[in-house]
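Can you keep this structure in mind? I'll have questions shortly.
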Amino acid sequence: MQSYNAPEVEKKWQQKWKESGLHKANLENPEKPKYYNLTMFPYPSGDKLHIGHWYNYGPVDTWGRYMKMKGFEVFQPMGFDSFGLPAENYAIKTGVHPAETTRTNIDKMKEQIAAIGGMYDLDLNLETSSPEYYKWTQWVFLQLYKQGLAYRKEAPVNWCPSCMTVLANEQVNDGICERCKTQVVQKNLRQWFFKITAYADKLLDYTGLDWPEKTILMQKHWIGRSEGNEADFRIAEAAGKTVRIFTTRFDTIYGTNFVAVAPEHPNLMDYVTEGQRSAVEKYVQDSKKKNELERQMGDREKTGVFTGMHAINPMTGSEMPIYVADFVLMYGTGALMGTPAHDARDFLFAKTMGLECPQVLVTAAGEVAEDNVKEWKESLHEYGILVNSGPYTDMRTEEALKLMTEQMEREGWGKQVVNFRLRDWLISRQRYWGAPIPIINCEKCGEVAVPDSDLPVVHPHVEDYVPKGTSPLATVEEFVNVKCPTCGGDAKREVDTMDTFVCSSWYFLRYPDAGNSEQAWRKERVNTWMPVDMYIGGPEHACMHLLYARFIHQVMHDLGHVEAKEPFKRLVHQGMVTKDGAKMSKSKGNVVSPDEFVSKYGSDVFRMYLMFMGPFTDGGDWNDRGITGVARFVDRFYRMMQEDGTGEAMDGVVHQTVARASEAVKSMTFNVAIASLMELTNAALKGGLNKAQKEIVTKVLAPLAPHLAEEVWAELGHSESIFKESWPEAEAKFLVKTSVTFAVQVNGKLRGTVDLAPDVSKEDALAAARASENVAKYLTGEVVKEIFVPGKIIGFVVKG
RNA sequence: GCUCGGAUGGCGAAAUGGCAGACGCGCUAGCCUUAGGAGCUAGUACCUUCGGGUGUGAGAGUUCAAGUCUCUCUCCGAGCACCA
């Protein structure tokens, strides 16, 4: 008997698949229903493919092959996110120019990805750092620019002193640079932004998307929509001047007893008396320093300084002090009304400032509230019925808010507004390895867009690309100095590059028409293939790539460039593979190298073990020994296929396996699918399968272990690829059993089992159960209830 | 602090409210081989007076029946973090 030689067999089939074009979809004219199966493209990092790559690409390929066998024209492309910090930092580390490292790394990765044996289309050669791609990234930029959705402004931005560039809010976690873990500082700089806030409401619409609930929640929270009111409070000491506050709970206005303003508030000095000026200025300086050093860390103590002036409560006319306080952010209007009874932070602030902690509880369960609040009460946060609120007393919060809004609008001192936490997307970077921003600055004409016909703005070669705080492109005179496209006079190019997330926010639109030199994509082509039917990638992109991509896609949709509203119809996040429960990292020295195991056991075994560890979305913990179980299974499976049997009494098991495996693959619990095949193999090694049964089983195995399945399929006498076959259906007639084991319970406890026909009547079943010796023993008292669940349970409830 | 997840043998894990622990790792015994990822057979939650009893983080509840549904709590993980 032959034993299975994985390395040889896998090489053979990878070659054959390549020759037959298994990885190619008919993009122009799909005859079957299309299925766009996409994995987030990798950046070429220079290290070998790690377990994380495999954990993604293996199962994604399994899914694609399954969909292919389900009768779809599967498009499964892969390219490289080759512009950006990872590639550039790798180049800086090695001292080799990024253009060179990117090239060699991509070539190396392509080889390694090929060794997985997936049907990924790498021939499209999509690389974001190539001029034929970034030409269209620049075009996308200009599409936004022409709509006023790309603009430049000076603003306080996040600056990473190590990466020597600005960063988007999304790339800063806990005040730390997401890439290099350095403390980020705030700087006022003139930078390029995409106006993603204009799409905030549209981005909150997830209709028709099959996405993980958690991801949607995270995005919703990041976008942070909140409805409320803005209202002007007059300043007692300065006639005609007002301070505008934002609140979501204007109904609590009768409990307001101070106003607090952010230190960064542009009109802060309008609210400061001469006497308090130096104190306020000092506070502002101190809080700026705090901003830079430890704003995020630790102390939640509320601080602030009295400005000397007072605001007038627009409802009651009473005066209250105005403070500058750094717990107030430049969110909303940068000023808030302090209502200690209803907001925990206001309560704390009032306490530290020695303010009276009042007095009126605006809402309660309808009863008159206590006069004084000594302790913070969470319940006062909620909507309720107003008390001590003048004409609004006894109203429900919703009603009071409505009437108060009407009043302020009528009297002209306030209105209803919607605020978002989402900030505009900062896209310019002072780094070398990115797409140049296609803008020219002319002394006469100002900011001028590079005409589409002049694209691409070629990324120049620079020898000294090490970041210094300004873009390295600025050092290339022939790049910088240009003629103005409008007036022909001397002008200078924009030297900043675009954030790599811009490159990756539209690549899925390029794949179906990659290589098109006339346009970013043909509309018909993209409308045939978009939206992406299945998008698989890590959950860490929830509020970055996945949000940006939706935004850009929605803009393209609104401009009529693509029919689909949303880019990704279904989204799945793969889990993480750990080692001994810890995240794998070089510094911990617990990195598992796939290559070693792949060369030992083969790609099929490696991929299957990753899938066998647990549910795909959960990830799993790597165990060097665990893989042997899957290796043994492959041997056993191959052996089972070599043995000829009559297949007697095996039809039920085979079709049972088809049913279970189909269900499992469909729900991406590949571990269960593999387990069901193992069970079948264990059973079949005793009985033996006939040829028809072997064929069915091999088809089930095919997406999970493509090389092995293809080999076995050929040995069964087929000359065409198994991936031209359809996924098998479990036939009902084989699933019908002649006898089923019923569990018999008395008072909920298992007392025995009886084997009966599956369609046995209730009466016969109960009689059979009663007759069972062990059961009869427990049927001593009066039977008050009889339970019969066909095929499963016979139960008695006995009294006494 | 807020918002989500999660907790089942020594380990990874299964289980439309219906016989908990499928499948695999590891372990034990035996067989066959003794160079390799060996192979095959049987066993493997706990207690037991061998009748049975107890077991899915803890405690309550619903139900004939709960790992699964409801409430309270503990612990672990992830995300957000002064957003008024």
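Here is the naming used below: chain letters follow the sequence lines, and residue numbers restart at 1 for every chain. Since the structure is predicted, the reported quantities are computational estimates derived from the model, not experimental observations.
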Review point. Can you tell which of B:G18, B:A13, B:A22 lies closest to the side chain of A:P615?
Key: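 Comparing B:G18, B:A13, B:A22 against the side chain of A:P615, the answer is B:A13.
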Check your understanding: Between A:E170 and A:W425, is any side-chain donor less than 3.5 angstrom from a side-chain acceptor?
Key -> no
Check your understanding: If we take the C1' atom in both B:G67 and B:G6, what is their distance in whole Å?
Key ->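 To the nearest whole Å, 13 Å.
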Check your understanding: Can you find a side chain N or O atom of A:S226 that sits less than 4.0 Å from OP1 or OP2 on B:A84?
Key ->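 A:S226 to B:A84 OP1/OP2: side-chain N or O found under 4.0 Å.
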Exercise for review: Take the protein atom NE2 of A:H573 and the nucleotide atom P of B:A78, then report the distance between them rounded to whole Å.
Suggested key: 16 Å
Review point. What heavy-atom pair brings A:A768 and A:L756 nearest, and what distance separates the two atoms?
Key: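 Looking at all heavy atoms of both residues, the shortest contact is CB-CD2, 3.7 Å.
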Check your understanding: What's the closest nucleotide to the A:K792 side chain, out of B:G24, B:C4, B:G18?
Key ->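 Closest nucleotide to the A:K792 side chain: B:G18.
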Review point. Quick one: is A:R636 getting a side-chain N or O under 4.0 Å of the B:C40 phosphate, OP1 or OP2?
Key: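 For B:C40, OP1 or OP2 has a side-chain N or O of A:R636 closer than 4.0 Å.
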**Study point:** Any-strand Watson-Crick or G-U partner of B:C75, both distances under 3.5 Å
**Key:**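 Base partner found: B:G6.
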Point to revise | Upstream residue (5' side of RNA chain B) when A:Y331 and A:N671 are each assigned their closest nucleotide | key: A:N671
Exercise for review: Starting from C1' on B:A84, measure out to CG on A:N229 and report it in whole angstrom.
Suggested key: 12 Å
**Study point:** Whole-angstrom distance between B:A13 and B:C64, as gauged at atom C1'
**Key:** 31 Å
Point to revise | Distance, rounded to the nearest Å, where A:N623 contributes CG and B:A13 contributes C1' | key: 13 Å
Practice item. Side chain of A:T247 only, please: which of B:G26, B:A78, B:A84 is the nearest? Key: B:A84
**Study point:** Integer-rounded Å distance: B:C80 P and A:H541 NE2
**Key:** 13 Å
Exercise for review: Go through the N and O atoms of the side chain of A:K302 and the base of B:C82, and report whether any donor-acceptor pair is under 3.5 Å.
Suggested key: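 Indeed, a donor on one side and an acceptor on the other fall under 3.5 Å apart.
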Review point. How far does the C1' atom of B:G17 sit from the matching atom of B:A81, given to the nearest Å?
Key: 39 Å
Check your understanding: Just how far, in rounded Å, is P of B:U63 from CD of A:Q745?
Key -> 17 Å
**Study point:** Distance test, side-chain N/O of A:R751 to OP1/OP2 of B:G53, below 4.0 Å
**Key:** yes
Practice item. Scan every strand shown for a Watson-Crick or G-U wobble partner of B:G61, both distances under 3.5 Å, and answer none if you come up empty. Key: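 Here B:G61 is engaged in a pair, and the nucleotide opposite it is B:C69.
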Practice item. Using the C1' atom as the reference point in each nucleotide, state the distance between B:C46 and B:C2 in Å, no decimals. Key: 41 Å
Practice item. Write down the distance separating the P atoms in B:A45 and B:C11, rounded off to the nearest Å. Key: 14 Å
Point to revise | By side chain to side chain contact (heavy atoms under 4.5 Å, CB included) - contacts of A:A684 (at least two apart) | key: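 A:A684: side chain to side chain contact (heavy atoms under 4.5 Å, CB included) contacts with A:M640, A:M650, A:L689.
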Point to revise | Nearest-Å distance once atom C1' is located in both B:G9 and B:C25 | key: 13 Å
Review point. Considering heavy-atom distances to RNA chain B, does A:D621 or A:M678 have its closest nucleotide positioned more toward the 5' end?
Key: A:D621
Point to revise | Shortest side-chain distance from A:R639, nucleotide among B:G77, B:G39, B:C19 | key: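 Output: B:G39.
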**Study point:** B:G37 phosphate, OP1 or OP2, under 4.0 Å from A:K600 side-chain N/O
**Key:** no
Study note, to complete from the structure: Side-chain contact check for A:R632: nearest option of B:G37, B:C25, B:A84 is B:C25
Exercise for review: Indicate, with a heavy-atom threshold strictly under 4.0 Å, whether A:N682 touches base, sugar-phosphate, or nothing.
Suggested key: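 If one applies the 4.0 Å heavy-atom cut-off, A:N682 turns out to touch the sugar-phosphate alone, with no base involved.
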Practice item. With syn defined as a glycosidic angle within 90° of 0 and anti as everything else, classify B:G36. Key: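 Anti, since the glycosidic angle lies more than 90° from 0.
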Check your understanding: If you look at every strand shown and take non-hydrogen atoms under 4.0 Å, does A:V328 touch a base, only sugar-phosphate, or nothing?
Key ->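 Base, at least one base heavy atom under 4.0 Å.
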Point to revise | Side chain of A:W222 (C-beta onward), nearest among B:A78, B:C80, B:C23 | key: B:C80
Point to revise | Nearest to side-chain heavy atoms of A:K777, which nucleotide of B:A15, B:G24, B:G52 | key: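 The closest nucleotide is B:G52.
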Review point. On a plain distance test, is the side chain of A:D618 in donor-acceptor contact with the base of B:G6 below 3.5 Å?
Key: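 In this structure, the two groups form no donor-acceptor pair.
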Check your understanding: Do A:R770 and A:V775 come within less than 4.5 Å of each other through their side chains, counting heavy atoms only?
Key -> no
**Study point:** Parallel, tilted or perpendicular: ring planes of A:F597 versus A:F606, cut at 30 and 60 degrees
**Key:**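 Aromatic pair A:F597/A:F606 classed parallel.
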Practice item. For this output row, return yes or no: ring centroids of A:W622 and A:Y609 closer than 6.0 angstrom. Key: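 Centroid separation for A:W622 and A:Y609: below 6.0 Å.
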Exercise for review: Give the nucleotide from the list B:A84, B:G26, B:A14 with an atom nearest to the side chain of A:T628.
Suggested key: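 Nearest listed nucleotide: B:G26.
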Review point. Which one, B:G18, B:G52, B:G12, comes nearest to the side chain of A:V789?
Key: B:G18
Review point. Within 45° of the axis and under 6.0 Å from the centre of the six-membered ring of A:W211, does NZ or CZ of A:R550 qualify?
Key: yes
Practice item. Tell me which nucleotide among B:A14, B:A65, B:C80 gets nearest to the side chain of A:H221. Key: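 Minimum distance to the A:H221 side chain belongs to B:C80.
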Review point. For the pair made of CZ in A:R421 and P in B:C80, what is the distance, rounded to whole Å?
Key: 11 Å
Practice item. In whole angstrom, give me the gap between the P atoms of B:A60 and B:A66. Key: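 So the two P atoms sit 14 Å from each other.
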Practice item. Check the pair A:F637 / A:Y4 against ring pair (Phe, Tyr, Trp, His ring centres under 6.0 Å), numbers first and verdict last. Key: CA-CA 10 Å; A:F637 187 92; A:Y4 183 64; 9.5 Å; no
